[in-house]
Trainee: 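A single structure is presented below for examination.
Bear in mind that the values here come from a model prediction, so they are computed numbers and not experimental data. The chains referred to below are lettered A, B, ... by the order of the sequence lines, with proteins before strands, and numbering in each begins at 1.
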Number of protein chains: 2
Amino acid sequence: MARCRTKGGKRMKQMKISEAVVRRLPIYLQFLNELNKREVQTVSSQDLGQRLDLNPAQIRKDLAYFGEFGRKGIGYDVVYLIEKIRQILKLNQTLHVALVGAGNLGHALCNYNMYMNDNMKIMAVFDALPSKIGTHINSLTVRPMQDLKQLVDEHNIRIGIITVPAVEAQNVANQLVEAGVEGILNFAPVILKVPEEVRIHHADFTRELLSLAYYLDYEGEESL
Amino acid sequence: MARCRTKGGKRMKQMKISEAVVRRLPIYLQFLNELNKREVQTVSSQDLGQRLDLNPAQIRKDLAYFGEFGRKGIGYDVVYLIEKIRQILKLNQTLHVALVGAGNLGHALCNYNMYMNDNMKIMAVFDALPSKIGTHINSLTVRPMQDLKQLVDEHNIRIGIITVPAVEAQNVANQLVEAGVEGILNFAPVILKVPEEVRIHHADFTRELLSLAYYLDYEGEESL
DNA sequence: TAGATTGTTAATCGATTAACAATC
DNA sequence: TAGATTGTTAATCGATTAACAATC
């Protein structure tokens, strides 16, 4: 659902952008924000590539999918490129988020409250445990699951974050889908099934940890 | 650093396994564990593919990099395959982990204490804040950063987890490297530079959230 | 045996990288 | 102008998928 330009500059919708490209955009944005904070005005694909361990040609190509953001002989204007990437990722509208699971991890995420992402806002927190309901996390009151649909509608919530234990995650996902969210970020260590029109991303750190383990050097050389 | 077999069955070290393959192994393992809990004995690549939204041929190929784990006409024995994947990911040894950052997220991870991963154990927790030092998280006492190197040596800690604020993350990474960890799992929303012999994985949920935002359907069609 | 399913080779598809004209 | 760096095309590389013989 990206918009690109034909040679003539006319806009052309729907030119399939690969997932790999989309996943790099937040990385670019993160580093560009750092550069901006350091008041760096301009950056080349060379510089970016060096810092991010990516091929400069790849970076140029990634950005070129969405428009001509750079200047030949000069590089990219940091502020301008930040603005453009924010547009691509639709970060100029504030995205409303519901968080389900007021446990430790849920608390952590609320505290973050996307402090660096002014563009995403947790609007409501839910939990199934009666003991949790009514308690406060920052300025939010933990709500029972029955209120989910109503609050999703009311606050125009488009994303759900799942921070419940693994056994409940699928059930919660179903309820989020039912309530009408368009995307889910799942922290529980299980594979969830959702209708294909709902986008699901996994933030399951156990996966990261396990794949990390693979890359550790052998110590006690063992055979399979 | 994978071991494979030549046709004749002799072992052959070093046949480059792609990162994509390694990242799928934990997913297989996760689902196989579920099947095992449900006392399912056998599973086909067909079944797995359906459930995990992956191509069955891909799954067979992934597994075949490491050995012949299946039986033609039958499929894979769930228990046996779990065991094999655990070996590949080196989960049969208990991996010792240090966690730096006793904030909310650090607490959450300690509570997890890898409950489902008996194979990883957080051996020590560190923080820079004097107010945090000496406090307890479960059975662990929060230690000052000065103790890092000593405890890494003492407990044979091979992995460091970073859950400190973004601005401190690079500094902490440096200290972890200095202390001798082989891998780092970074939760802070920054790009870290580490020597190439140290493996670094990112569990930065803001990235996941931003790329998720990209895939939400447009509402107020805006042009770039 | 017939049906199912693996492991593996070959074909396809897609992503990364190199190279270079355009231009600041 | 000379040097730098983009946007983009072409070349390369690698990953996914299809197909099928082997075999349970």
Trainee: Please answer whether the main-chain N or O of B:Ile191 pairs with a side-chain N or O of A:Arg51 as donor and acceptor at a distance below 3.5 Å.
Mentor: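 Pair found, side chain donor or acceptor close to backbone of B:Ile191.
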Trainee: Testing B:Asn186, B:Leu192, B:Val181, B:Val194 for side-chain contact (heavy atoms from CB on, under 4.5 Å) with B:Leu176, which one passes?
Mentor: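 Checked B:Asn186, B:Leu192, B:Val181, B:Val194 against B:Leu176; only one passes side-chain contact (heavy atoms from CB on, under 4.5 Å): B:Val181.
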Trainee: Please determine if a side-chain N or O atom of A:Arg24 lies less than 4.0 Å away from the OP1 or OP2 oxygen of C:dT16.
Mentor: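 For C:dT16, OP1 or OP2 has a side-chain N or O of A:Arg24 closer than 4.0 Å.
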Trainee: Looking at CZ of B:Arg158 and NE2 of B:His96, how far apart are the two atoms once the value is rounded to the nearest 0.5 Å?
Mentor: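 If I round to the nearest 0.5 Å, the distance is 10.0 Å.
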Trainee: Determine yes or no for a side-chain-to-main-chain donor-acceptor pair under 3.5 angstrom, with B:Arg86 supplying the side chain and B:Asn92 the backbone.
Mentor: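 Absent.
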Trainee: Say whether, by atom type as modelled, one donor and one acceptor occur between the side chain of B:Asp47 and the main chain of B:Ser44 under 3.5 angstrom.
Mentor: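 Checking the backbone N and O of B:Ser44 against the side chain of B:Asp47, a donor-acceptor pair under 3.5 Å is found.
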Trainee: Without decimals, in angstroms, what is the distance between B:Ile59 CD1 and D:dA15 C1'?
Mentor: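 After rounding, the reported distance stands at 15 Å.
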Trainee: Extract from the structure each pairing of a protein N or O with an N or O of nucleotides 3-5 of chain D at less than 3.5 Å, listing the distance.
Mentor:
residue: D:dT5; atom: O4'; partner: A:Gly73; partner atom: N; Å: 3.3
residue: D:dT5; atom: O2; partner: A:Gly73; partner atom: N; Å: 3.0

Trainee: Quick check for you: among C:dT8, C:dT16, D:dT16, whose closest atom lies nearest to any side-chain atom of B:Glu68?
Mentor: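 Given the options C:dT8, C:dT16, D:dT16, the side chain of B:Glu68 is closest to C:dT8.
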Trainee: Tell me the interatomic distance from B:Tyr80, atom OH, to C:dT6, atom C1', rounded to whole angstroms.
Mentor: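 That distance rounds to 14 Å.
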Trainee: What is the distance, to the nearest angstrom, from the NZ atom on B:Lys61 to the P atom on D:dA18?
Mentor: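 Roughly 14 Å, once rounded to whole Å.
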Trainee: When you get a sec, tell me which of C:dT8, C:dT17, D:dA18 is the closest nucleotide to the side chain of A:Asn55?
Mentor: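 Of the candidates, C:dT17 comes closest.
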Trainee: If you round to the nearest 0.5 Å, how far is CG of B:Leu99 from CG of B:Leu109?
Mentor: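 The CG atom of B:Leu109 sits 6.0 Å away from the CG atom of B:Leu99.
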Trainee: Rounded to the nearest angstrom, tell me the gap between atom CG in A:Asp62 and atom C1' in D:dT6.
Mentor: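 Rounded to the whole Å, the gap is 14 Å.
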Trainee: Nearest heavy-atom pair of A:Ile157 and A:Val97: which atoms, and what distance?
Mentor: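 Looking at all heavy atoms of both residues, the shortest contact is CG2-C, 3.9 Å.
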Trainee: How long is the line joining OH of A:Tyr65 and P of D:dT6, in whole Å?
Mentor: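 After rounding, the reported distance stands at 17 Å.
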Trainee: Quick one: closest heavy-atom pair of B:Lys193 and B:Asn174, and the distance?
Mentor: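 Taking B:Lys193 first and B:Asn174 second, the nearest heavy atoms are O-OD1, 4.3 Å.
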Trainee: Please report, rounded to the nearest Å, how far the P atom of C:dT6 is from the CG atom of B:Leu81.
Mentor: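 Taking CG of B:Leu81 and P of C:dT6, I get 11 Å after rounding.
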Trainee: Can you check the A:Glu19 CD to D:dA15 P distance for me, whole Å?
Mentor: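 Those two atoms, CD and P, are 16 Å apart.
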Trainee: Paired stems touching DNA chain C, three or more consecutive Watson-Crick or G-U pairs with both distances under 3.5 Å?
Mentor: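 Looking at DNA chain C, the stems formed by three or more consecutive pairs are C:3-24 with D:3-24.
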Trainee: Checking the side chain of A:Ser211 only, and the main-chain atoms of B:Arg23 only, is there a donor and an acceptor separated by less than 3.5 Å?
Mentor: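 No; judged by distance alone, with no hydrogens or angles, the pair does not exist.
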Trainee: Return the value, rounded to whole Å, for the distance between atom CD of B:Gln58 and atom P of C:dA11.
Mentor: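 My rounded result for the distance is 20 Å.
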